[in-house]
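Report on one structure; see the data block that follows.
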Amino acid sequence: MSIPRKNRIQAEPGAEPTPLIAIASVIVSMALIAVGNGLMFAYIPVRLGAEGFDPTWAGLIITGLSAGGLAGCILTGPLVRRVGHARAFMVLSALIALANAAVGAGVHPLLWIVARALYGFAICGLFIVAQSWLNDAVANAIRGRVMAFFYVAYVAGLGVGYAALALVDIRTADAPLIGIVFTALSILPVGLTKLAQPPAPQAASVALGSAWRISPVGVAGMLAVGGLSMSIAGFAPIHATAQGYSQADVALLLSAMPIGTLILQVPLGWISDRTDRRHVLVAASALAMVAGLLALGFDGGALAALVVIYIVWDGASESIYSLASAHAADRAGKDDMVALSSSLLFAWSLSGFVVPGIVTALSAAFGTEAFIYVAIVIACAFCLFVLLRVMTTQAVPAAETGSFAPMTAQAPLPVELAFTPDEQDRH
């Protein structure tokens, strides 16, 4: 039976249209994974707190997760070149299920560090696979809208997973089992999809020096947001648990935070398409700094106030990711894009690994609120750096800038398919 024209997405000129249901299969799979991931992200620090473990263990687990993510950013390309996108997706999903099973085996912090490192490797790889797959399947004219829907679906799934923490018995293995169920369900849409697999991705080199020459603000933005994202999203549940907030309170706080990602990026992106993006980056980083100061001032206070503050804090920090990515792309030529994207990805991953280690060490010495101070310092330093660049360098002409696309710092940049043939004609 043929697929109606209105239910197809036109691919590149001369190619067969891609069915909407095929595109949706990848998006639905990642949204299902997000539900389990959000639940596990919230469950681990709360369970450790309930068992009386020092919060330092939760920090070490976040650092292990970040280390796995760094490895995933480096090793996913060779995996996809070896087995293809569909098989790589299934392998990485199986690793997430295995990691959740290890957590469900009992509260063994050393085992949990290894398990979450495995999860970090797998989720980073899944994002690279899913994004490059979608990038190949849809036409340039609608790629931004499809990818925006992809990010919104994933962030919404995370929010559902966070909220689910309030419904599980924290002293049982219910949460890991639910995570395994959603991970298994995520394999089904991809396993049944008719979405054509892209060609094997090219090897991408990391050249931070070249990336810095192209866009110092872009590289600095990735270094800043890698640390901000892992500090806020990773250590907020650890700190809230240590402060004595209930399981339901932690679930509410975490499930509210993605709202900031969804509501702040669109207006900030719209403004950035019409002015110097660096001005918007200054505003976003300043807002993140102010929200961090408010989080410090209201720390341990009324939950309602903290929820509002964390919504703004998380949203402003996440916006730096997409704004810095767009700014870097504005300054790059077509021949620079693959290496630039790889370098930005590496900078984001490196910061996401180093900063949690620093926060964990500081938390052991000064308490779990150390992550707030670290996030404030990062936001302040990046804001001052961008202001310096605004005062010393010219802005990119409006006619030469691309279009903003919402992203989340919970997901790595798509590296392999930065440009497709008909996009190259625009540069």
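Just so it is clear, the model here is predicted, and its values are computed rather than measured.
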Item checked: Backbone of P109 reached by a side-chain donor or acceptor of W57 within 3.5 Å -> no
Item checked: Nearest atoms (heavy-atom pairs only) where G221 meets I320 -> O-CG2, 4.1 Å
Note to self: Under a 3.5 Å distance rule, please check whether S351 uses its side chain to pair with a backbone N or O of L223 as donor and acceptor.
What the structure shows: yes
Note to self: Can you list everything that forms a ring pair (Phe, Tyr, Trp, His ring centres under 6.0 Å) with F235? Sequence neighbours excluded, please.
What the structure shows: none
Check: Of all heavy-atom pairs between V103 and P176, which one has the smallest distance, and what is that distance?
Finding: CG1-CG, 4.1 Å
Next item on the list: To the nearest 0.5 angstrom, please state how far the CD1 atom of I62 sits from the CZ atom of F353.
Entry: 13.5 Å
Item checked: I259 side, atom CD1; D314 side, atom CG - distance, nearest 0.5 Å -> 10.5 Å
Note to self: Using only atom types and a distance under 3.5 Å, with no angle test, would you say the side chain of W112 pairs donor to acceptor with the backbone of G106?
What the structure shows: yes
Notebook entry, point to check: Can you tell me if S255 uses its side chain to pair, donor with acceptor, with the backbone of Y162 under 3.5 Å?
Noted result: no
Notebook entry, point to check: Of the non-hydrogen atoms in M230 and P356, which two are nearest, and what is the gap between them?
Noted result: CB-CG, 3.7 Å
Next item on the list: Kindly say whether W313 contributes a backbone atom to a donor-acceptor pair with the side chain of S317 at under 3.5 angstrom?
Entry: yes
Margin query: With a 3.5 Å distance limit and no angle check, can you tell me whether Q247 reaches the backbone of T241 through a side-chain donor-acceptor pair?
Written below: no
Notebook entry, point to check: Centre of Y43's six-membered ring, under 6.0 Å away, within 45 degrees of the axis: is that where NZ or CZ of R47 sits?
Noted result: no
Item checked: Between OG on residue S186 and CD1 on residue I33, distance to nearest 0.5 Å -> 3.5 Å
Item checked: Whether F127 and Y154 hold their rings parallel, tilted or perpendicular, with breakpoints at 30° and 60° -> perpendicular
Note to self: Is a donor from one side chain sitting under 3.5 angstrom from an acceptor on the other, for H239 and D299?
What the structure shows: yes
Checklist line | Under-4.0 Å salt bridge between D169 and R171 | finding: no
Next item on the list: Decide yes or no for V91 and V83: does some side-chain heavy atom of the first lie under 4.5 Å from some side-chain heavy atom of the second?
Entry: no
Item checked: Short side-chain to backbone donor-acceptor contact, R278 and R389, under 3.5 Å -> yes
Note to self: Measuring from atom CG of L362 to atom OG1 of T368, what distance do you get when rounded to the nearest 0.5 angstrom?
What the structure shows: 12.0 Å
Next item on the list: Decide yes or no for S246 and V250: does some side-chain heavy atom of the first lie under 4.5 Å from some side-chain heavy atom of the second?
Entry: no
Check: With side chains defined as the heavy atoms from C-beta onward, is the minimum distance between M90 and S93 less than 4.5 Å?
Finding: no
Checklist line | Atom pair CD1/CZ of I123 and R116 - distance to nearest 0.5 Å | finding: 9.5 Å
Checklist line | Nearest non-hydrogen partners of G292 and I372, listed with the distance | finding: O-CG2, 3.4 Å
Notebook entry, point to check: Which heavy-atom pair separates A88 from V129 by the least distance, and what is that distance?
Noted result: CB-CG2, 4.2 Å
Notebook entry, point to check: Should the ring pair F385 and W212 be called parallel, tilted or perpendicular, given that the plane angle runs from 0 to 90° and is split at 30 and 60?
Noted result: tilted
Note to self: Would you say that more than 12 heavy atoms from the other residues, nucleotides or ligands in this model lie under 6.0 Å from the CZ of F53, or not?
What the structure shows: yes
Notebook entry, point to check: Is the side chain of S325 donor-acceptor paired with the backbone N or O of Y321 at a distance under 3.5 Å, no angle test?
Noted result: yes
Next item on the list: Write down the atom of A122, the atom of L92, and the distance for their closest heavy-atom approach.
Entry: CB-O, 3.4 Å
Margin query: As an exercise, state the distance from OG of S285 to CG of L323, rounded to the nearest 0.5 Å.
Written below: 9.5 Å
